[in-house]
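See below for the structure under consideration.
Reminder, nothing fancy here: chain letters follow the sequence lines and each chain counts from 1. The analysis underlying the following values was restricted to heavy atoms, covering all of them including side chains, and did not include hydrogens, waters or symmetry mates.
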Amino acid sequence: MAVKLELLQESKETRARLGKLHTPHGTVDTPVFMPVGTQATVKAMTPEELKQIDAQIILSNTYHLFLRPGHELVAEAGGLHKFMNWDRPILTDSGGFQVFSLGDLRKITEEGVTFKSHLDGSTLFLGPEKAMEIQMALGSDIAMAFDECTPYPSEHEYAKKSLERTTRWAERCLQAHTRKDQAVFGIVQGGMFRDLREQSVQEITALPFPGFAIGGLSVGEPKHLMYEVLDYTIPLMPREKPRYLMGVGSPDCLIEGVIRGVDMFDCVLPTRIARNGTVMTSQGKVVIRNAEHTRDMRPLDPNCSCYACQNYSRAYIRHLFKADEILGLRLTTIHNLHFLQDLMKQIRQAIKDESLLAFREEFFARYGYDNEKESPVSC
RNA sequence: GGGUAGGCGGCCGAGUUGGUCGAAGGCGCCUGACUGUAAAUCAGGUACGGGGAAACGUCGGUGGUUCAAAUCCAUCCCUGCCCA
């Protein structure tokens, strides 16, 4: 098996687990947060910088690399790792999210999905077999089964149809996949319906995948709904295999996810909001563009040891943003990714110490938790 | 000194057959959003004075024509360009 989870510890007070995920390109401590590098680059970051913030594994994307530069070219370059100069593990999303996010540009059939390229409008097809072919050419450590990320809200009837099709696609993915040094993870769907989530877990986990993802969450639903789904879905997933909650990455959701038994997360949030001028700090989020930081000579986060916080002030980074200087968003990206890597380290330590619930309490007290709102501050 | 083009909100700038213009658009500024990346993106707000709010006044100044002026007239001031 290309990828295997070694369970080190299971929390007694929560469903959290501590583990090591073994992959062809090295071992990853779980629970883990995976920065997203859609186009074979984590935007604004060099691989060296990713290593400096202790990124253990990153994501890339089938759909986007298929369109540009093309998977053949990546294979010709020696595979994705070599192409982008990243020698640690890579997980590739299958394009299933683009079925959701490029909603107006695609058509779903049993065979697969016809997209209108967002680049030039040309027609292209992505199905289970094609998604596997592309990911095998890319050579990621973990490929994802081709799924449909069910939109929210969806009718029960549609969510059921969609999940059942995702199951059939999952079977075809396994059949098409031949690369031994690459794992494929299946994806659970089912919208926000308990019976459908249960059906989907049952169907997907019956297939011989070495790991399972929960998809179709964090697509616009209220947080309490997502937590509910996790509460009843995760206990149905196999204990000895990794559980990956797709597309989730705000600090509060990471903590809540781990508590519910998630081992892996990915999210564009830290890198995207960084480029748009927002940073996550131990005291909550800070919009660095805002006027209040004009003369603030303190670092982004007083409790942070990242390169940006060790060397630059809020006033300077704000200036860089206002002046449209590229260093500004590089520094905020470094900081946000460091912040989440650091958060995951603290979470892993708290699991080890059996103090995760206390950690959550303390974290929310510092980060901001407004009971008037139905969920913790988002990022 | 002569000629000529112009002076509009923080800046640039549209508007000049008078009305529907206190005024398009851009920039700047302020604020918000962002969760398997069509995102270094997107959305909203943003002239001044006056006041509780409204009325009202202000498109270089002043005066005029008109039911009505940023738009027409007179005059003054200022700026660019050309000629001497």
Side-chain angles (χ1 to χ4, degrees), chain A residues 33-45 57-65 67-68 91-106 115-121 131 135 140 142-150 152 166 185 187-189 213-223 226 244-254 256-257 262 264-280 285 287-294 317-318 320-333 336 340 375-379:
Chain A
F33 175 78
M34 307 181 281
V36 178
T38 302
Q39 309 208 64
T41 171
V42 176
K43 294 183 194 296
M45 297 284 283
I57 170 173
I58 61 172
L59 227 73
S60 200
N61 185 277
T62 301
Y63 170 87
H64 287 278
L65 295 181
L67 258 67
R68 185 172 55 189
L91 182 152
T92 41
D93 185 33
S94 61
F97 185 71
Q98 279 63 46
V99 179
F100 161 76
S101 66
L102 302 179
D104 301 334
L105 300 172
R106 95 286 186 266
F115 290 93
K116 267 209 160 329
S117 161
H118 70 280
L119 298 176
D120 62 8
Q135 293 184 86
S140 50
I142 301 171
M144 296 306 297
F146 187 67
D147 68 330
E148 182 196 354
C149 177
T150 311
Y152 175 83
T166 288
F185 282 14
I187 304 175
V188 174
Q189 290 290 341
I214 302 165
L217 290 179
S218 201
V219 285
E221 78 283 8
K223 285 184 186 178
M226 173 171 91
Y244 163 28
L245 177 54
M246 307 185 81
V248 168
S250 62
D252 54 337
C253 292
L254 291 175
E256 299 290 349
V262 176
M264 305 163 68
F265 303 86
D266 81 282
C267 197
V268 304
L269 191 68
T271 44
R272 179 181 288 170
I273 68 174
R275 292 193 306 283
N276 294 336
T278 300
V279 290
M280 303 166 172
K285 72 172 177 178
V287 182
I288 202 63
R289 294 187 328 262
N290 285 2
E292 57 177 309
H293 305 114
T294 307
I317 294 171
R318 173 180 137 89
L320 293 177
F321 265 90
K322 301 304 279 186
D324 248 329
E325 282 293 342
I326 202 163
L327 180 60
L329 57 88
R330 288 198 1 88
L331 292 173
T332 51
T333 300
N336 277 353
L340 288 191
S375 60
V377 183
S378 67
C379 56

For the side chain of [X], starting at C-beta, report the closest nucleotide among [options].
| X | options | value |
| --- | --- | --- |
| Asp324(A) | U35(B), G36(B), A40(B) | A40(B) |
| Lys322(A) | U35(B), G36(B), C30(B) | C30(B) |
| His118(A) | U41(B), U35(B), A38(B) | A38(B) |

Under 3.5 Å: donor-acceptor pair, side chain of Arg289(A), backbone of Asn276(A):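 Answer holds: yes.
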
Name the atoms and distances for all side-chain donor-acceptor pairs under 3.5 Å in residues 321-329 of chain A, with sequence neighbours left out.
none

To the nearest 0.5 Å, how far apart are [atom1] in [X] and [atom2] in [Y]?
| X | Y | atom1 | atom2 | answer |
| --- | --- | --- | --- | --- |
| Gln135(A) | Ile142(A) | CD | CD1 | 11.0 Å |
| Met280(A) | Asp252(A) | CE | CG | 9.0 Å |
| Thr62(A) | Leu67(A) | OG1 | CG | 11.5 Å |

Q) Which value, in whole Å, describes the distance between the P atoms of nucleotides U71(B) and C82(B)? A)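 The answer is 29 Å between these two P atoms.
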
**Q.** U79(B) to A38(B) separation - C1' atoms, rounded to the nearest Å
**A.**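 U79(B) and A38(B) have their C1' atoms separated by 48 Å.
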
For RNA chain B, the expected dot-bracket line (Watson-Crick or G-U under 3.5 Å, [ ] crossing, | inter-strand) is (((((((..(((......[.....)))((((((.......))))))(((......))).(((((..]....)))))))))))).

Check whether any side-chain N or O of [X] sits under 4.0 Å from OP1 or OP2 of [N], and answer yes or no.
| X | N | value |
| --- | --- | --- |
| Asn290(A) | C29(B) | no |
| Arg275(A) | U41(B) | no |
| Thr38(A) | G36(B) | no |
| Arg318(A) | C30(B) | yes |
| Asn61(A) | U37(B) | yes |
| Asn276(A) | A40(B) | no |

#### Entry: Lys285(A) NZ to C34(B) P, straight-line distance once rounded to whole Å
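Spelled out: NZ on Lys285(A) to P on C34(B) is 6 Å.
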
Residues in side chain to side chain contact (heavy atoms under 4.5 Å, CB included) contact with Val219(A), at least two apart in sequence or another chain: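 Partners of Val219(A) by the side chain to side chain contact (heavy atoms under 4.5 Å, CB included) criterion, ordered by chain and then number, come out as Phe100(A), Cys149(A), Tyr152(A), Met192(A), Glu221(A).
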
**Pair Arg318(A), Thr294(A): side-chain N/O donor-acceptor within cut-off below 3.5 Å** =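 Arg318(A) vs Thr294(A): donor-acceptor pair found between side chains.
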
Short of 4.0 Å, heavy atom to strand atom, which residues of residues 91-100 of chain A count as contacting RNA chain B?
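Here the set is Asp93(A), Phe97(A), Gln98(A).
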
Please confirm whether any donor atom in the side chain of Ser101(A) sits under 3.5 Å from an acceptor in the base of U37(B), or the reverse.
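Result: no qualifying N/O pair found.
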
Quiz item: Which residues pass the ring-ring contact (aromatic ring centres under 6.0 Å, His included) test with Phe115(A), sequence neighbours left out?
Solution: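 Scan of Phe115(A) (ring-ring contact (aromatic ring centres under 6.0 Å, His included), adjacent residues dropped) gives Tyr63(A).
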
Donor-acceptor pairs are to be reported for all side-chain atoms of residues 38-45 of chain A against protein atoms at under 3.5 Å, with residues two or more places apart or in another chain.
none

